[in-house]
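First up is the structure itself, then whatever we jot down about it.
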Amino acid sequence: MHHVLVVEDESVIRSSLRRILERNEYQVSEAGSVKEALDNFDIDSFDVVISDLRLPGAPGTDLIKATKVPVVIMTSYSSIRSAIDSMKMGAVDYIAKPFEHNEIIETVAKIIREHAK
């Protein structure tokens with residue numbers, strides 16, 4: 001079973017992502033900030049990290065530097081500039097909130113296929 005880390009400060013969105021991913025047979029761990037993710041988990045043990053861009057303390061893009069695992073950045077502040085900047089920093093994909101459930105599942109499945117350990 002593939003393991004996904006969701007880093008999102010809004011508990012409603014975090015719970016929604018958990019349910020969507022678990023329904024599609026992914027194991028899910030959660031954190032509310034970059035610091036919480038780094039303090040509580042071995043980030044490199046995940047198959048994919050899905051992180052909000054704007055988080056308390058540090059931006060989600062800080063996770064890109066902290067791991068070799070593929071990081072997907074999502075944000076409700078969607079703009080072409082933030083998408084380009086996130087991709088330049090090494091994000092493997094970018095998702096604008098609100099997102100379609102199928103979009104999340106298809107993105108995660110594609111990334112796991114392309115970055116198989």
Side-chain angles (χ1 to χ4, degrees):
M1 181 178 288
H2 295 289
H3 198 176
V4 178
L5 174 61
V6 174
V7 185
E8 166 63 61
D9 58 325
E10 293 183 45
S11 61
V12 171
I13 295 171
R14 204 169 54 237
S15 297
S16 175
L17 281 167
R18 174 185 278 282
R19 283 192 306 278
I20 292 164
L21 291 164
E22 286 179 344
R23 257 188 255 131
N24 286 272
E25 299 185 9
Y26 292 100
Q27 183 180 351
V28 181
S29 294
E30 303 175 11
S33 68
V34 170
K35 181 178 179 356
E36 184 182 335
L38 295 174
D39 288 350
N40 295 336
F41 300 105
D42 171 10
I43 304 294
D44 290 329
S45 69
F46 293 93
D47 295 294
V48 178
V49 174
I50 300 173
S51 179
D52 191 9
L53 177 62
R54 295 186 186 205
L55 293 164
T61 50
D62 281 9
L63 291 165
I64 297 166
K65 299 172 217 149
T67 185
K68 293 180 179 15
V69 171
V71 176
V72 176
I73 295 294
M74 63 181 175
T75 186
S76 55
Y77 302 95
S78 90
S79 73
I80 299 214
R81 172 56 40 209
S82 62
I84 291 169
D85 290 346
S86 294
M87 299 299 274
K88 282 181 179 176
M89 288 183 217
V92 294
D93 212 332
Y94 181 92
I95 296 173
K97 293 189 275 183
F99 47 81
E100 296 291 326
H101 294 189
N102 286 345
E103 179 184 14
I104 293 289
I105 296 306
E106 289 169 12
T107 298
V108 170
K110 178 181 145 227
I111 290 166
I112 288 172
R113 273 194 315 275
E114 291 175 357
H115 295 88
K117 289 182 178 178

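Start at 1 with the first residue, then count along the sequence.
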Would you indicate whether the side-chain heavy atoms of [Y] and [X] approach each other to under 4.5 Å?
X	Y	value
Val6	Leu21	yes
Lys68	His115	no
Ile95	Ile73	no
Ile50	Val7	no
His2	Gln27	no
Leu17	Met74	yes

Rounded to the nearest 0.5 Å, what separates atom [atom1] in [X] from atom [atom2] in [Y]?
X	Y	atom1	atom2	value
Glu10	Ser16	CD	OG	11.5 Å
Met1	Glu25	CE	CD	6.0 Å
Asn24	Glu106	CG	CD	10.0 Å
Thr75	Glu8	OG1	CD	9.0 Å

Charged N to carboxylate O below 4.0 Å: is that the case for Asp9 and Arg54? no
Can a salt bridge be assigned to the pair Asp62 and Lys65 using a cut-off of 4.0 Å between side-chain N and carboxylate O? yes
Under 3.5 Å, is there a donor-acceptor pair linking the side chains of Ser82 and Tyr94? yes
Compute whether any side-chain donor of one residue and acceptor of the other, for His3 and Ser29, lie under 3.5 angstrom apart. yes
